[in-house]
Colleague: 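Shown below is the structure under consideration.
Naming convention: chains lettered A, B, ... in sequence-line order (proteins, then strands); numbering from 1 in each chain. Hydrogens, waters and symmetry mates play no part in the numbers below; they use all other heavy atoms, side chains included.
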Amino acid sequence: MAITKATASSIAPAAKGDLVVGSATNDAAVLAVGTNNTVLTADSSTATGLKWATPAAGGMTLINTGGTALNTTTTVISSIPSGYNSLRIITVVTDPQDDGGGLRLRINEDSTANRHAQGFMGATSNVQFNQTSVPITYSQDNGTPNGITITDIVFYDNTSIWKFATNFGVVNSYLDNARAEFIQTWGAYNQTGAVTSLEFFFNGGVNASGGTVYVYGVK
Amino acid sequence: MTRPLIRIHNAETNEVIDREMNDEEFAKYQELEQAEATRLIEIEAKAAAKAALLDRLGITADEAKLLLGGN
């Protein structure tokens, strides 16, 4: 039977957005519209087989609310929660107080010798764990902060494998701040504990005079 | 003496604390500072040695690159 406006109206949806749905063989019911931003979801346990539900969270969640300013000598993001697939660390407009400062990342604030390893383009084979941190940038110009870096640590909360970070970005070259310095580095940490904190600092004890770090949990 | 500042952003509570480095943190910081000073001295020494060699040979850095097939 064709559904006309008259037959549909006879079921009498009460409000804008209400749906007429089958509730059993040869039977229909009205499903009231859901609240804003909910989505229609199949659910066999309801009378209509449908429900309005909040979409499952996905994508990236900012862990350090608002980001963290980098304008002290050392910055730590602590109490990083578990439960995401990976961490994505984004730094923007970082600025060393002196020319040539390179931003470093220390996993779990662990400065014990021989636990971090670093890889650069052209220096990636048979690399020793002889560092206490890994590089985010090499040698930045101070005073022209335009750069951005992106670092991923997958399986960061796994407790049985080493941790690996992949990092890339671009900053103003300290040799000529009108030029770009492209960065592609890798970091490794030969401990199996979950990553629960991240420490950032410029090499050589150079103070940070600007920039922000954002740490996202990625589903 | 005022020590360098450390900022701790607790992701769980969103509390941000700025404080001076404690003894352990300051010792690490000084190690880092010393290592960087040593690295810079080594870079400068290498650059000076290179300049002295070019001077002895009586050629420029660009000419040395040509000799070595660099670009």
Colleague: By a 4.5 Å heavy-atom criterion (distance strictly below it), what part of A:Phe200 contacts chain B: side chain, backbone, both, or neither?
Modeller: neither
Colleague: Might you confirm whether atom CZ of A:Phe155 has over 12 heavy atoms from other residues, nucleotides or ligands at distances under 6.0 Å?
Modeller: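 12 or below, so no.
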Colleague: Where on A:Glu109 is there a heavy atom nearer than 4.5 Å to chain B: the side chain, the backbone, both, or neither?
Modeller: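 Interface part for A:Glu109: backbone (N, CA, C, O).
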Colleague: Mark yes when over 12 heavy atoms from residues, nucleotides or ligands other than A:Tyr174 sit less than 6.0 Å from its OH; otherwise mark no.
Modeller: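 No.
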Colleague: Atom OG1 of A:Thr65 and atom CD of B:Glu15: how far apart are they, to the nearest 0.5 Å?
Modeller: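 Going from the OG1 atom of A:Thr65 to the CD atom of B:Glu15 covers 13.0 Å.
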Colleague: Roughly how far, to the nearest 0.5 Å, is CD of B:Glu12 from CD1 of A:Ile63?
Modeller: 11.5 Å
Colleague: Drop me the distance from B:Arg7's CZ to A:Thr73's OG1, to the nearest 0.5 angstrom.
Modeller: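 It is 10.5 Å, given to the nearest 0.5 Å.
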Colleague: Supply the atom-to-atom distance B:Asn14 CG to A:Ser79 OG, rounded to the nearest 0.5 angstrom.
Modeller: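 The OG atom of A:Ser79 is 11.0 Å from CG of B:Asn14, to the nearest 0.5 Å.
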Colleague: Name the region of A:Leu62, side chain, backbone, both or neither, that has any atom closer than 4.5 Å to a heavy atom of chain B.
Modeller: neither
Colleague: If every non-hydrogen atom of A:Ile77 is compared with every non-hydrogen atom of B:Ala11, which pair is closest and at what distance?
Modeller: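 That would be CG2-CB, 4.4 Å.
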Colleague: Is A:Asn37 atom CG crowded by more than 12 heavy atoms from other residues, nucleotides or ligands, each under 6.0 Å away?
Modeller: no
Colleague: Can you tell me which of B:Gln34, B:Glu33, B:Gln30 forms the most heavy-atom pairs within a distance under 4.5 Å of chain A?
Modeller: B:Glu33
Colleague: List the atom of B:Met21, the atom of A:Thr74, and the distance in Å for their closest heavy-atom pair.
Modeller: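 Between these two residues, the closest heavy atoms are CE-OG1, 3.3 Å.
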Colleague: Any side-chain heavy-atom pair from A:Val76 and B:Ile6 closer than 4.5 angstrom?
Modeller: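 Answer yes - side chains close enough.
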Colleague: Which atom names give the shortest non-hydrogen contact between A:Ser111 and B:Lys28, and what distance separates them?
Modeller: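 Answer, listing the atom of A:Ser111 first, then B:Lys28: OG-CE, 2.8 Å.
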